Protein chains: 2
Amino acid sequence: MSDSQLRTYDTGAAAAPLTTREKLLRAAREVFAEHGLAHTRISDIAARSGVNRERVYGYFGSKEGLFDAVVNDALDELAEAVPLTAGEDLVEYVDRVHEFHRLHPQLLRLLLWEALHYRTEPLPGEEERQGRYREKVSALEQSLGAAEGHLQAAPTLFILIGLAAWPSVVPQLARLIMGADESENPEIMREHVLSFARSALRPTKEEAGA
Amino acid sequence: MSDSQLRTYDTGAAAAPLTTREKLLRAAREVFAEHGLAHTRISDIAARSGVNRERVYGYFGSKEGLFDAVVNDALDELAEAVPLTAGEDLVEYVDRVHEFHRLHPQLLRLLLWEALHYRTEPLPGEEERQGRYREKVSALEQSLGAAEGHLQAAPTLFILIGLAAWPSVVPQLARLIMGADESENPEIMREHVLSFARSALRPTKEEAGA
DNA sequence: ATTAGACCACCAACTCGTTTGTTGGTCAAC
DNA sequence: GTTGACCAACAAACGAGTTGGTGGTCTAAT
């Protein structure tokens with residue numbers, strides 16, 4: 001966990017004035033999500049945050065340092081905002097993941113930029129992230145009752161996340177295939193995703209019969 | 001269709017010597033897929049293609065012009081390499097899409113760079129791409145027999161493509177969740193994807209009973 | 001109270017490498 | 001003799017990272 005979450009997604013709580021570091025992180029998240037690491041100018045971040053360009057180097061050392069901090073920060077929030085509790089209904093989980101990414105496409109863009117950038121090399125903070133998913137996998141193992149005995153926890157989690165995130169990952173493709181009206185209507189898209197998830201997760205004949 | 005496909009994925013055919021333009025396109029595809037639009041240096045492309053840097057401007061006008069040409073070219077190949085014929089088994093289609101992206105991750109990277117870059121603005125060549133997918137959708141409509149009456153063609157196509165491509169879109173995430181051994185084993189990953197597709201596509205009780 | 005010093009941010013100017021895009025000349029081939 | 005490629009050098013802009021100086025504020029010692 002990084003020490004300074006932004007909690008952009010929090011609802012209430014007394015709004016403490018942002019520190020300079022937080023202002024930078026918040027602005028950087030937006031700009032990086034928009035333009036990616038390479039196309040982002042430090043001066044844009046400075047301008048948007050209202051903080052002096054030079055401060056970036058004081059706090060984060062370099063552009064990449066800032067980028068990594070931003071990603072870490074955003075990941076913390078994601079983990080907190082979309083937990084997977086043991087025994088929970090999986091379709092509901094898919095719904096929550098889907099909804100989160102629909103409302104906060106920034107994070108996904110950030111992660112995609114990062115994924116493209118770091119190709120297959122290990123990511124910064126790889127172990128910590130692994131830990132997070134290990135927890136989710138074991139929570140999922142308990143959710144997979146007799147009805148879904150045919151599924152393994154890890155790959156199922158992986159694929160369900162994909163299913164939930166896909167519309168936010170490639171909205172252009174959705175538009176090309178489904179047309180703007182359907183693809184940009186949240187309720188319609190949500191229903192497609194959820195009904196697909198329901199289909200895939202419903203018990204097999206044997207499981208139903210048992 | 002762009003006039004000069006590279007047919008990187010072709011097996012046989014007499015290997016005509018590449019024109020300068022083709023050499024550039026081929027090299028550019030690799031470098032752009034690797035580094036994205038912003039981080040790619042024209043001189044890298046020139047070096048890899050063995051063509052003079054200056055020729056890029058003669059043929060494509062600018063870096064972006066070259067990028068667009070590369071994407072178009074690659075899309076043509078994708079469409080040709082992974083057709084969807086009417087009446088075909090959908091799981092097989094997923095298999096082919098999955099396999100293609102596993103073997104040629106370049107294209108997906110290219111499209112992701114592009115998607116991130118152009119955000120939600122219309123893409124270059126938007127109508128042409130729409131046309132391609134419209135064909136696929138109507139082919140799919142004929143594949144969806146009584147057994148899958150509960151599915152609509154367009155969103156189903158969209159989601160199935162996602163399912164098939166997901167492991168190649170975020171291999172890092174697969175590694176984090178499933179571990180390197182499983183996630184990098186083609187047969188294992190394939191089986192997970194296909195069995196998920198089978199699950200989702202199997203007939204409902206009513207359809208089976210009917 | 002006053003002052004010294006630590007801390008933090010602002011600001012402007014500067015270095016310096018990088019990269020795009022251009023141009024004019026040369027050369028071989030068809 | 002036209003076409004297409006090579007080549008070398010150039011202009012110009014751009015953007016990362018650095019530095020030195022200014023000034024405000026909070027605290028702790030005098």
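Note on naming: letters A, B, ... go to the chains in the order of the sequence lines (proteins, then strands), and numbering restarts at 1 for each one. Quick caveat, the model's predicted, so the values are computed rather than measured.
With V70(A) as the partner, the side chain to side chain contact (heavy atoms under 4.5 Å, CB included) test is satisfied by one option alone out of D73(A), L66(A), N72(A), D68(A): L66(A).
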Test salt bridge (Lys or Arg N to Asp or Glu O under 4.0 Å) applied to E127(A) and R134(A), step by step: CA-CA 10 Å; E127(A) 297 95 27; R134(A) 250 195 291 276; over 6 Å; no

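L37(B) has its CG atom 10 Å from the P atom of dT20(C), to the nearest Å. Between the P atom of dT19(C) and the NE2 atom of H39(B) lies a distance of 9 Å, rounded to the nearest Å. I42(B) places its CD1 atom 9 Å from the C1' atom of dT19(C), with the value rounded to the nearest Å. R21(A) places its CZ atom 12 Å from the P atom of dC8(C), with the value rounded to the nearest Å. In this structure, CD of E22(A) is placed 11 Å from P of dA9(C), rounded to the nearest angstrom.
Taking a pair as Watson-Crick or G-U wobble with both distances under 3.5 Å, DNA chain D forms stems of 3 or more consecutive pairs at C:1-30 with D:1-30.
As judged by a 4.0 angstrom heavy-atom cut-off over every strand, V56(B) is placed among residues making no nucleic acid contact. Within 4.0 Å (heavy atoms only), G50(A) reaches sugar-phosphate atoms of the nucleic acid but no base atom. Looking at heavy-atom distances under 4.0 Å, F60(A) makes no contact with the nucleic acid at all. Counting any heavy atom pair closer than 4.0 Å across all strands shown, T19(B) reaches no nucleic acid atom.
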Can you give one letter per nucleotide of nucleotides 22-30 of chain C, 5' to 3': B if a protein heavy atom sits under 4.0 Å from the base, S if only from the sugar-phosphate, - if neither? BB-------

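The pair R109(A)-E114(A) does not meet the salt-bridge criterion, since no charged nitrogen lies less than 4.0 angstrom from a carboxylate oxygen. Under the 4.0 Å criterion applied to side-chain N and carboxylate O atoms, R175(B) and E126(A) are assigned as salt-bridge partners. A salt bridge does not link R96(A) to E99(A): none of the charged side-chain nitrogens sits closer than 4.0 Å to a carboxylate oxygen.
First and last contacts of DNA chain D with chain A, using any nucleotide atom under 4.0 Å from a protein heavy atom and ordered 5' to 3', fall at dG15(D) to dT19(D).
Below 30°, between 30° and 60°, or above 60°: for F67(A) and F32(A) the angle between ring planes is above 60°, a perpendicular geometry.
Checked against the 6.0 Å centroid criterion, the rings of H39(A) and H39(B) do not qualify as a close aromatic pair.
Residues V51(B) and V56(B) are not in side-chain contact: their nearest non-hydrogen atoms beyond the backbone lie 4.5 Å or more apart.
Residue A86(B) comes nearest to S143(B) through the heavy atom pair C-OG, 3.9 Å, listed as atom of the first residue, atom of the second, then distance. Closest heavy-atom contact between V91(B) and L194(B): O-CD2, 3.8 Å.
At least one test fails for R198(A) against the ring of F196(A): distance under 6.0 Å to the centre or angle within 45° of the axis.
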